[in-house]
Amino acid sequence: MMVGLVDCNNFYVSCERLFQPQLRGRPVVVLSNNDGCAVARSEEAKQLGVKMGAPWHLHRAAWKQAGVTVRSSNYALYGDLSNRVMSILRMLTPGIEVYSIDEAFIDFGGMGGREEQVARELRATILQWTGIPVSIGIVPTKTLAKVANRSAKKVPVSGGVRVLLTDEVQQQVLSKLEVEDIWGVATRLGRRLRALGIATAADMRNAAPEALRKEGGVVLERIGRELRGERCLQLDDATRSAKSIMASRSFGRPVTERSELEQAVASFVSRAAEKLRRQHLTAGTVTTFIHTSPFRPTDRQYGASALVRLCVASSNTPKLIQAALQALREIYRPGFRYVKAGILLDAFEPAGEEQTHLWAGGDSENERGLMATMDRVNRIWGRGTLNMAACGVRNGWSMRAEHLSPRYTTRWQDLLHVA
DNA sequence: TCTGGGGTCCTAGGACCC
DNA sequence: TCTGGGGTCCTAGGACCC
């Protein structure tokens with residue numbers, strides 16, 4: 001089984017260059033929303049030492065001096081070009097999981113050794129049809145695909161495609177990779193791993209899974225196994241709906257008044273609610289969060305969030321705003337200089353208005369169906385609203401129903417017992 | 001003066017139960 | 001001196017991703 005990772009090179013910069021060819025060959029930086037910091041850099045800018053996330057206001061002068069061209073981001077454009085790249089992949093490959101705006105995992109199974117050839121054709125087609133250069137890494141697991149892709153970018157002779165098949169080649173590439181450069185390992189986990197003497201990706205591949213689990217839980221164990229070529233993360237081509245929808249903004253200046261936070265929160269909610277409705281989803285809870293600036297170490301720091309559960313799931317803006325403001329009242333403390341606030345909706349597909357029953361299918365020894373149904377019940381109708389469980393059997397059907405006390409209605413075990 | 005915004009998944013620990 | 005033990009459920013927050 002082979003998986004490929006297609007990644008657009010310096011995606012936002014590549015998009016800008018499509019419409020401004022004079023930017024080719026020059027150092028270019030694309031800035032985040034409020035022109036806050038660098039979110040994309042051309043190769044030339046990287047070579048000048050421009051770091052990801054570097055705040056513009058601190059480097060403005062230096063970048064200008066070095067001849068760096070700066071662009072504000074244009075997400076509508078990037079989204080459009082992303083869709084074009086993804087449709088080409090969807091058209092020309094057997095399976096695709098869109099992972100982010102500029103990346104997709106591809107099912108490269110069943111190609112019997114032609115993977116590299118296919119990848120090169122894919123790459124050429126995308127370049128020709130969209131003008132966006134991509135890199136492709138091909139290997140047995142997703143985590144290795146990230147490594148291979150990186151290698152495809154770094155090694156010029158690879159021509160943008162890298163296949164890492166044998167243990168020897170994998171070992172060789174991994175031994176040159178710092179542990180923090182592994183997908184899923186960043187500063188914190190890196191620090192803990194180094195304390196154990198694990199400094200490179202090769203060290204991690206050779207580490208005992210039990211040791212990794214002890215240090216960083218199942219997540220770290222999975223990464224280690226994936227580096228060995230053991231598949232733990234599946235290609236997920238289901239088009240899942242969003243599980244949460246967030247809206248937040250930095251204020252750009254300190255805010256202290258509650259009323260100002262209330263206005264901001266209300267506008268966040270209406271943005272998120274619009275998004276929610278556009279995706280035909282509904283929300284069961286609203287979380288509001290606020291915090292002070294970690295970049296002002298002399299300020300007293302405070303951050304908090306609170307979750308409010310709706311009685312009935314809703315995508316109605318006023319109702320959601322009401323909940324968000326209630327949450328804000330719980331966490332607001334006067335006397336702090338807030339620089340950021342936001343709200344989070346938990347999103348899911350609504351039951352039809354007429355729907356009064358949810359059914360779990362499956363055989364009697366399989367509890368998963370029931371658990372999944374309970375999950376839906378909890379999210380759609382809220383906790384404590386279910387008051388009956390029934391078990392139906394087809395073919396010579398029989399049925400029994402019992403009332404449950406609200407306290408227990410969310411526990412699938414209790415329902416299983418009744419059923 | 002000015003440091004993004006939008007996500008996912010996992011887990012520690014408190015509340016509660018018998 | 002020492003204050004049960006085994007369990008579930010939920011949420012806030014951590015860590016990571018692009």
Side-chain donor or acceptor of A:S158 paired with backbone N/O of A:A152 under 3.5 Å = yes

ask   = Are A:R300 and A:F336 in a cation-pi contact, defined as NZ or CZ under 6.0 Å from the six-membered ring centre and within 45° of the axis?
value = yes

ask   = With respect to A:T292, which candidate in A:K340, A:R337, A:Q301 satisfies the side chain to side chain donor-acceptor pair (under 3.5 Å) definition?
value = A:Q301

request  = Could you tell me whether A:F11 contacts a base, only the sugar-phosphate backbone, or nothing, with contacts defined as non-hydrogen atoms closer than 4.0 Å?
outcome  = nothing

ask   = How far does the C1' atom of B:dC16 sit from the matching atom of C:dG4, given to the nearest Å?
value = 16 Å

key: Whole-Å gap separating C1' (B:dT11) and CG (A:L189)   = 13 Å

task = Could you tell me whether A:D35 contacts a base, only the sugar-phosphate backbone, or nothing, with contacts defined as non-hydrogen atoms closer than 4.0 Å?
result = nothing

request  = Please report, rounded to the nearest Å, how far the P atom of C:dC18 is from the NZ atom of A:K142.
outcome  = 12 Å

query = Can you tell me how far P of C:dC18 sits from CG of A:D7, to the nearest Å?
reply = 8 Å

key: Whole-Å distance separating the CD atom of A:E215 from the P atom of C:dA15   = 12 Å

request  = Measure the distance from CD on A:E221 to C1' on C:dA15 and round it to the nearest whole Å.
outcome  = 18 Å

message = By the 4.0 Å heavy-atom rule, please label A:L31 as base, sugar-phosphate, or nothing.
response = nothing

Which donor-acceptor pairs under 3.5 Å do the side chains of residues 250-258 of chain A make with protein atoms, sequence neighbours left out?
from   : atom 1 : to     : atom 2 : distance (Å)
A:R253 : NH1    : A:E260 : OE2    : 3.2
A:R253 : NH2    : A:E260 : OE2    : 2.4

query = Quick one: do A:E221 and A:R225 make a salt bridge, cutoff under 4.0 Å?
reply = yes

query = Out of C:dC18, B:dT11, C:dC10, which nucleotide sits closest to the side chain of A:R309?
reply = C:dC10

Sole candidate of A:E97, A:E230, A:E226 that passes salt bridge (Lys or Arg N to Asp or Glu O under 4.0 Å) when paired with A:K142 = A:E97

request  = Remember a base hit wins even if backbone is also touched, and classify A:R296 as base, sugar-phosphate or nothing at under 4.0 Å, heavy atoms.
outcome  = sugar-phosphate

task = Give a yes or no on whether a salt bridge exists between A:E178 and A:R194, defined as a side-chain N under 4.0 angstrom from a carboxylate O.
result = yes

ask   = What would the secondary structure line of DNA chain B be in dot-bracket form, counting Watson-Crick and G-U wobble pairs under 3.5 Å, with [ ] for pairs that cross earlier ones and | for pairs with another strand?
value = ....||||||||||||||

key: Rounded interatomic separation in angstrom, taking CG from A:L212 and P from B:dC10   = 16 Å

ask   = What nucleotide, of C:dA12, C:dC17, C:dA15, holds the atom closest to the side chain of A:L307?
value = C:dA12

message = Quick test of your reading of the model: are A:K46 and A:E43 salt-bridged, counting only N-O distances below 4.0 Å?
response = yes

message = Tell me the interatomic distance from A:R188, atom CZ, to C:dC16, atom C1', rounded to whole angstroms.
response = 10 Å

request  = Any chance you could list the contact pattern along nucleotides 3-9 of chain B? Use B for base contacts, S for sugar-phosphate-only contacts and - for none, protein heavy atoms under 4.0 Å, 5' to 3'.
outcome  = BBSBSSS

ask   = Is there side-chain contact between A:L31 and A:R71, with heavy atoms separated by less than 4.5 Å?
value = no

